[in-house]
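Presented below is the structure to which this report refers.
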Amino acid sequence: MPDLRLHNSLTRQKERFEPLDPAHVRLYVCGPTVYDLAHIGNARPVVVFDVLSRLLRRLYPRVTYVRNVTDVDDKINARAQQSGEPIGAITARTLADYHADMAALGALPPDVEPRATAHIADMIAIIERLIASGHAYAAEGHVLFAVGSFPRYGALSGRPPDEMLAGARIEIAPYKRDAGDFVLWKPSSDDLPGWDSPWGRGRPGWHIECSAMSWRYLGESFDIHGGGADLIFPHHENELAQSVCAFPGSGFARVWVHNGMLLVNGEKMSKSLGNFLTVRDVLARGPAEAARLLLLRTHYRASLDFSDFAFAEARRELDRFYRALERRPAPPADTVPESVLEALCDDLNTPLAIARLHELADAALAGDAPASAALRAGGGMLGILQQDPSAWFRGGPDAAAIEARIAERQAARRARDFVHADAVRQALEQEGIVLEDGPAGTTWRRA
RNA sequence: GGUCCGGUGGCAGAGUGGUGAUGCAGCGGACUGCAAAUCCGCGUAUGUGGGUUCGAUUCCCGCCCGGACCUCCA
């Protein structure tokens, strides 16, 4: 079994992964803020960390994967105000949609999916600890984290605190001691969600929930913290500062893993730019499995330019894999080939793992049944190639009607009426159905 | 402006201090009634200028280009 090596954003180096407790690996990933449909950029970390969790489960006896749900947030409040829909309804509906979309992309649910609103007491407990230890202060109903109290502030994002503020385009609230201080707790007016606290009725700042929920489910120190690269600053920097100051001596997350951004036409996909493509949009254009493969064809830390062309290409690649599986049916096997495991263990090199799958597909097409079994098992590590090839090629409605027309063509061919036979072929081709004549008869697939 | 990341064939995309993976597309051939698929074969790439080295795509420096973060963001 190869050693797992991961790139740690904290050290900016690839390091050998050594769990705090080899009997129990703990992973925390930042999840969605539930106010709108997930876009394909939101799906990238889900798919990436799904692969990481599958790999960890293969390598270690027990893994706890926590992914939070942010269900208290000013974007949610704004959405509710704008549409008139109650906050609870928005978050419940959006979370259900999120679950459906991520399941369609083949992502397994995390072990724990805690919601921020269910952990207000944990957040208050951490804030109290921070105040007691001099790392936070209350001012005008707010509680702020004092960045000056934490010398290592800026280490994760690589920004010395003073420089960090020079170009910041934020208006500095007058009650802040230091321009970089950030909100742990803020007051809520009556029309906004709020909870009673030692500082009055209010709601949490953005970062504190992750400190609270990771603490609650994984402890003061855990192994891996994941999320999008855009979260490094300020979210993860702040989270790290809060947690380490609240629990002195703890290391918080040992390894920080960040996925690169998804681009559309060379620009970052983001809600503010309005150029986002929802997972739904993507699923309407092609198979979910092709979307998943597309997300894994690029190394997770690199940026990935989403395009229809790449989506179609991913689909053709899957055609090849499923063709190999169909030609050489293999019993289910869960012996993941070493070549695939080795690629994944090298900082989750999914593009290389996919290249290794192609080697197996070649062997399977040449008649090697064990290679076919290995292909399916290796695909399983990536969360692909688990469906029946027949469903991949011929799934969907109208199968019976298509079969009937193929039979009609076969009759024509037997009668050597090739004009009629070709007319049927062409008609089906117009409908996106490709026929393949072989020694065992004619088979078909959707192009 | 500050910090960081990256520039590999037509496209996508890995690895590597010493003959440059893999896929898609393209071309030629085999196979096929015709196709499709498959198989065989072919071609084309390391942004740029220096440095280190016997040798650099790989390490170092400058430059150019692209992107991210510094504000909600996956």
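Small disclaimer: the values here were computed from a predicted structure and weren't measured. Letters A, B, ... are given to chains in the order of the sequence lines, protein chains preceding strands, and every chain is numbered from 1.
- Ring geometry, A:H39 versus A:F276: the interplanar angle falls from 30° to 60°, so the pair is classed tilted.
- Annotation: A:F222 is in aromatic contact with A:F252 [ring centroid separation under 6.0 Å].
- B:G29 and B:C34 are spaced 14 Å apart, taking the P atom of each and rounding to whole Å.
- A:N349 and A:D346 share no donor-acceptor pair across their side chains, judged by distance under 3.5 Å alone.
- Rounded to an integer number of Å, the gap from CZ of A:R316 to C1' of B:U22 is 16 Å.
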For nucleotides 39-42 of chain B, tabulate all protein N/O to nucleotide N/O atom pairs closer than 3.5 Å, reporting atom names and distance.
none

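- B:C72 atom P lies 15 Å from atom CE of A:M261, rounded to whole Å.
- The nucleotide whose nearest atom lies closest to any side-chain atom of A:N349 is, among B:U38, B:A74, B:A14, B:A14.
- Judged purely by distance below 3.5 Å, without hydrogens or angles, the side chains of A:E239 and A:S243 never pair a donor atom with an acceptor atom.
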ask   = Where do A:H119 and A:Y217 land on the ring pair (Phe, Tyr, Trp, His ring centres under 6.0 Å) test, with the steps shown first?
value = CA-CA 11 Å; A:H119 297 82; A:Y217 295 99; 5.4 Å; yes

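- Taking a cutoff of 4.0 Å between a charged side-chain nitrogen and a carboxylate oxygen, A:R203 and A:D74 qualify as a salt bridge.
- Rounding to whole angstrom units, CZ of residue A:F182 and P of B:C72 are separated by 12 Å.
- As a whole-Å value, the separation of A:L294 CG from B:C24 P is 15 Å.
- Annotation: B:U16 and B:C59 have their P atoms spaced 10 Å apart (nearest Å).
- Comparing atom distances between the A:K75 side chain and each of B:C72, B:A36, B:A74 picks out B:C72 as nearest.
- Straight-line distance between the P atoms of B:U57 and B:G51: roughly 14 Å, to the nearest whole Å.
- Remark on RNA chain B: of its neighbouring residues A:V434 and A:A43, the 5'-side contact belongs to A:V434, judged by nearest-heavy-atom nucleotide.
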Check: protein-nucleotides 29-33 of chain B nitrogen or oxygen pairs below 3.5 Å:
residue	atom	partner	partner atom	Å
B:G33	N7	A:R413	NH2	3.3
B:G33	O6	A:R409	NH2	3.1
B:G33	O6	A:R413	NE	3.0
B:G33	N1	A:D422	OD1	2.9
B:G33	N2	A:D422	OD1	3.0
B:G33	N2	A:D422	OD2	2.4

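- Counting only N and O atoms by type, the side chains of A:D305 and A:S303 include no donor and acceptor under 3.5 Å apart.
- Counted by atom type alone, A:H358 and A:E317 present one or more donor-acceptor pairs between their side chains at under 3.5 Å.
- Side chain to side chain, A:R26 and A:T64 fail the donor-acceptor criterion of an N or O pair below 3.5 Å.
- Looking only at atom types and distance, the side chain of A:T94 has no donor-acceptor partner in the side chain of A:D97 under 3.5 Å away.
- B:G50 and B:G43 have their C1' atoms separated by 33 Å, with the value rounded to a whole Å.
- A salt bridge links A:R323 with A:E436; the closest basic N to acidic carboxylate O contact falls under 4.0 Å.
- Comparing B:C63 with B:C70, their C1' atoms sit 25 Å apart, to the nearest whole Å.
- Ranked by how close their nearest RNA chain B nucleotide is to the 5' end, A:G438 and A:D346 are led by A:D346.
- Here, B:A12 and B:U46 have their P atoms 16 Å apart, quoted to the whole Å.
- A:L231 comes within 4.0 angstrom of sugar-phosphate atoms only, judged by non-hydrogen atoms across all strands, and of no base.
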key: Canonical and wobble pairing (Watson-Crick, G-U, under 3.5 Å) of RNA chain B, dot-bracket with |   = (((((((..(((.....[...))).(((((.......)))))....(((((..]....))))))))))))....

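- With A:D347 as the fixed residue, the salt bridge (Lys or Arg N to Asp or Glu O under 4.0 Å) test singles out one of A:R301, A:R16, A:K14: A:R301.
- Residue contacts for A:G41: at a heavy-atom cut-off of 4.0 Å it reaches a base atom on one of the strands shown.
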request  = Quick one, give me the B/S/- string for nucleotides 4-13 of chain B, reading 5' to 3', where B means a protein heavy atom under 4.0 Å from the base and S means that only happens at the primed atoms, P, OP1 or OP2.
outcome  = -------SSS

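- At whole-Å resolution of the value, CZ in A:F393 and P in B:A36 are 16 Å apart.
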Output a table of donor-acceptor pairs, distance under 3.5 Å, between side-chain atoms of residues 255-264 of chain A and any protein atom two or more places apart or on a different chain; print 'none' if there are none.
residue	atom	partner	partner atom	Å
A:H258	ND1	A:S9	OG	2.6
A:H258	NE2	A:H236	ND1	2.8
A:N259	OD1	A:G228	N	3.4

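- Rounded to an integer number of Å, the gap from NE2 of A:H235 to P of B:A68 is 21 Å.
- Ionic pairing of A:R79 and A:D36 is present here: one or more N-O contacts between side-chain nitrogen and carboxylate oxygen are shorter than 4.0 angstrom.
- Between B:G9 and B:U44, the two C1' atoms lie 5 Å apart (nearest whole Å).
- For A:S339 and A:E359, the side-chain atoms include no donor-acceptor pair closer than 3.5 Å.
- With rounding to whole Å, A:F49 atom CZ is found 13 Å from B:A74 atom P.
- Counting any heavy atom pair closer than 4.0 Å across all strands shown, A:L262 reaches a base atom.
- The separation between A:Q410 atom CD and B:A36 atom P is 17 Å, rounded to whole Å.
- Partners of A:H99 under the side chain to side chain contact (heavy atoms under 4.5 Å, CB included) rule, at least two apart in sequence or in another chain, are A:L95, A:E113.
- Comparing B:C64 with B:G26, their P atoms are spaced 40 Å from each other, to the whole Å.
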